[in-house]
Amino acid sequence: MSTDEQFMKKAIEVALQARQEGNEPFGAVLVKNGEILMIGENRIHTFNDPTHHAELGLIRQYCTEQQIFDLSEYTLYTSCEPCVMCSGAMVWSNLGRMVYSVSHDQLAEIAGGNIMIASQEVFEKSPQRPELTEKILNEEGLKVFEGYSFSP
């Protein structure tokens with residue numbers, strides 16, 4: 001199993017945990033130098049905060065706690081391709097690399113609609129451009145959504 005697969009496996013586990021806790025099934029893992037520094041899960045229902053996505057919550061918490069703005073030496077593993085809001089947070093935090101499992105097109109098929117802009121498109125139009133690796137452990141990532149119904 002590659003390093004990317006090991007960290008993605010953890011992000012998928014976190015997504016399952018979020019689902020079990022009554023939130024939407026999304027998880028993220030922040031890594032630097034081969035070490036997990038923080039995990040984040042979707043907590044929109046827990047906190048009654050529609051912006052508390054796994055990626056944004058993790059970036060917000062980590063940068064605040066570490067008193068840094070620059071994540072250029074970090075990789076963020078996320079169970080699903082991030083939304084435009086979270087992709088923007090990655091740009092503004094100067095994230096070095098982002099790796100995801102399930103694409104936004106796959107999520108749209110599962111959720112029954114697509115209002116997303118691909119993270120690659122956000123990155124291409126931005127001053128900071130995280131390196132992007134797509135669809136790692138894709139089949140395992142898709143399993144997180146089996147039997148899940150998104151609320152309107």
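The shortest distance between side-chain heavy atoms of Leu95 and Ile59 does not fall below 4.5 Å. With contacts defined as side-chain heavy-atom distances shorter than 4.5 Å, the pair Ser119/Leu132 qualifies. Side-chain atoms of Val14 and Tyr77, non-hydrogen and from C-beta on, never get closer than 4.5 Å to each other. Between Met8 and Glu140, the closest side-chain pair of non-hydrogen atoms is not below 4.5 Å. In this structure, the side chains of Gln66 and Leu37 stay at 4.5 Å or more apart for every pair of heavy atoms. Within the 4.5 Å cutoff, the side chain of Tyr148 has no heavy atoms near those of the Ile110 side chain.
Although no hydrogens or angles enter the test, the distance criterion places no donor-acceptor pair under 3.5 Å between the side chain of Asn94 and the main chain of Gln128. No donor-acceptor pair closer than 3.5 Å links the side chain of Thr75 to the backbone N or O of Val31. Listed for the Asn42 side chain is no donor-acceptor partner under 3.5 Å among the backbone atoms of Asn23. Between the Ser101 side chain and the Ile136 main chain, a donor and an acceptor come within less than 3.5 Å of each other.
Between Glu41 and Ala18, the closest heavy-atom pair is OE2-CA, 3.6 Å. Nearest heavy atoms, Phe7 versus Val29: O-CG2, 4.2 Å. The minimum heavy-atom distance between Thr51 and Arg60, with the atom names listed, is OG1-NH2, 4.0 Å. Nearest approach of Cys80 to Leu107, heavy atoms of both residues: SG-CD2, 3.8 Å.
Within 6.0 Å of CD in Glu109 there are 12 or fewer heavy atoms belonging to other residues, nucleotides or ligands. Counted within 6.0 Å of CD on Glu65, heavy atoms from surrounding residues, nucleotides or ligands total more than 12; the atom is thus considered enclosed. In this structure, Glu73 places its CD atom where only 12 or fewer heavy-atom neighbours from other residues, nucleotides or ligands lie under 6.0 Å away.
Considering CG of Asp105 and CD of Glu81, their distance stands at 7.5 Å, rounded to 0.5 Å. Here the straight-line distance linking atom CZ of Arg129 with atom CE of Met98 works out to 14.5 Å at 0.5 Å rounding. Interatomic distance, Glu24 CD to His52 NE2, rounded to the nearest 0.5 Å: 13.5 Å. Leu71 CG to Met90 CE: the interatomic distance, rounded to the nearest 0.5 Å, is 10.0 Å. Rounding to the nearest 0.5 angstrom, the gap separating the CG atom in Leu137 from the NZ atom in Lys9 is 9.0 Å. Distance check: Leu30 CG to Leu76 CG gives 6.0 Å after rounding to the nearest 0.5 Å.
A donor and an acceptor atom, one from each side chain of Gln17 and Glu13, are nowhere located under 3.5 Å apart. For the residue pair Ser72/Asp70, the side-chain donor-acceptor check at 3.5 Å is satisfied.
Here Tyr62 pairs with Tyr74 under the ring-ring contact (aromatic ring centres under 6.0 Å, His included) rule; sequence neighbours left out.
By the 4.0 Å N-to-carboxylate-O rule, Lys125 lies close enough to Glu121 to be salt-bridged with it.
Taking the six-membered ring where the residue is Trp, Phe26 and Phe150 present tilted rings, their angle falling between 30° and 60°.
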